[in-house]
Amino acid sequence: MKGGAKTLVEPHRHLGVFVARGKEDALCTRNLVPGESVYGEKRISVEVEKPDENAPSGVLKEKIEYRVWNPFRSKIAAAILGGIGEIYMKPGSKVLYLGAASGTTVSHVADLVGPDGAVYAVEFSHRSGRDLVNMAKKRPNVIPIIEDARHPTKYRMLLPMVDVIFSDVAQPDQARIVAYNAQFFLKTGGAFMISIKASCIDSTIEPALVFAKEVKKLQDEKFKPREQITLEPFERDHAVVVGNFRVSKKASTQ
């Protein structure tokens, strides 16, 4: 998919995220590995001009490649298109990603945080882990960790403190899992972003009640949820909750 004159790529309000304007607008990230797709996603190549004293015309033409971020394949992309106010990830961020699967969304987060950032991607399944490891071979800012997110002590030596924890662990005790990892790795005042699948928590009650109960669990674990958004029409009965960890009373009133 070529950009050229027909496609204009603009920065999104979330740093590191872009919007390709064309026949149909598309969310995208700047490809950290030009020429490579991760899961068959479309790539958009746009030619830009930069001032260069050494170029004969005084202008250097450079091609920049972007990868279309499919909201039906990524909870973070769905949340962004749903209008979430803050994702807390930005260029240079260190992100702990729990429930990395084969690395579809991880690859876009790696694009977003860029070469100065890092994504520590935890995945329990060895089958999905193989795809994750293969993707990480070409993205040096992705550190794959094939372990159970319930046991952060097993990988505590591999991680520094991080700015953000994102979790997509489809388990009934996901709030506890995130809290346990936060105790080890999340900076005080750091951010969390958690994807909640209602049917994985309790399929016998309304999704809205499930989400409310999970928010209460997070509050009990010293998290301060700041925003909740449902992922319709991209995911049924899913919500994303974002906020901060161990926020002082003074900071929370500002």
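This chain uses plain numbering: 1 for the first residue, then up along the sequence. All figures in this text were calculated on a predicted structure; none of them were measured in a lab. Values reported hereafter were calculated over all heavy atoms of this structure, with side chains retained and with hydrogens, waters and symmetry mates removed.
Judged by distance alone, the side chains of S107 and R139 never bring a donor and an acceptor atom under 3.5 Å apart. Side-chain atoms of Y180 and D173 include no donor-acceptor pair closer than 3.5 Å.
N141 places a side-chain N or O within donor-acceptor distance of the main-chain N or O of A110, the cut-off being under 3.5 Å. With E123 contributing its side chain and G129 its backbone, the two residues share no donor-acceptor pair below 3.5 Å. Under the 3.5 Å distance criterion, the side-chain polar atoms of E65 are matched with a main-chain donor or acceptor of G35. A donor-acceptor pair under 3.5 Å is absent between the side-chain atoms of D131 and the main chain of G103, judged by distance alone.
Two residues are said to be in side-chain contact when any heavy atoms from C-beta on lie closer than 4.5 Å; V241 and E214 fail this criterion. Residues N70 and E41 fail the side-chain proximity criterion, which asks for heavy atoms closer than 4.5 Å. For the pair V240/I194, no side-chain contact is recorded, criterion being any heavy-atom separation below 4.5 Å from C-beta on. Within the 4.5 Å cutoff, the side chain of T29 has heavy atoms near those of the R67 side chain. The side-chain heavy atoms of Y155 and V122, taken from C-beta on, include a pair separated by under 4.5 Å. Inter-residue side-chain proximity for K187 and D163 is flagged as met; some heavy-atom pair is nearer than 4.5 Å. L186 places none of its side-chain heavy atoms less than 4.5 Å from the side chain of N181.
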### Query
Can you check side chain to side chain contact (heavy atoms under 4.5 Å, CB included) on H12 and L27, steps first, answer last?
CA-CA 8 Å; H12 194 278; L27 204 66; 3.9 Å; yes
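In the hydrophobic clustering of this structure, F184 does not group with I146; members are Ile, Leu, Val, Met, Phe, Trp, Tyr whose side-chain heavy atoms approach within less than 4.5 Å, directly or through other members.
Between F185 and F245, the ring center distance fails the sub-6.0 Å criterion.
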In residues 76-98, what donor-acceptor pairs under 3.5 Å come from side-chain atoms, sequence neighbours left out?
unit_1	atom_1	unit_2	atom_2	d
E86	OE2	Y88	N	2.8
S93	OG	K90	N	3.0
S93	OG	K90	O	3.0

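Between F72 and F234, the angle of the ring planes goes over 60°, which puts this pair in the perpendicular group of the 30/60° scheme.
The other residues sharing a hydrophobic cluster with V33 are L32, where clustering joins ILVMFWY side chains under 4.5 Å apart.
Look at K197 and D237 and you find no salt bridge, because none of the NZ, NE, NH1 or NH2 atoms lies under 4.0 Å from a carboxylate O.
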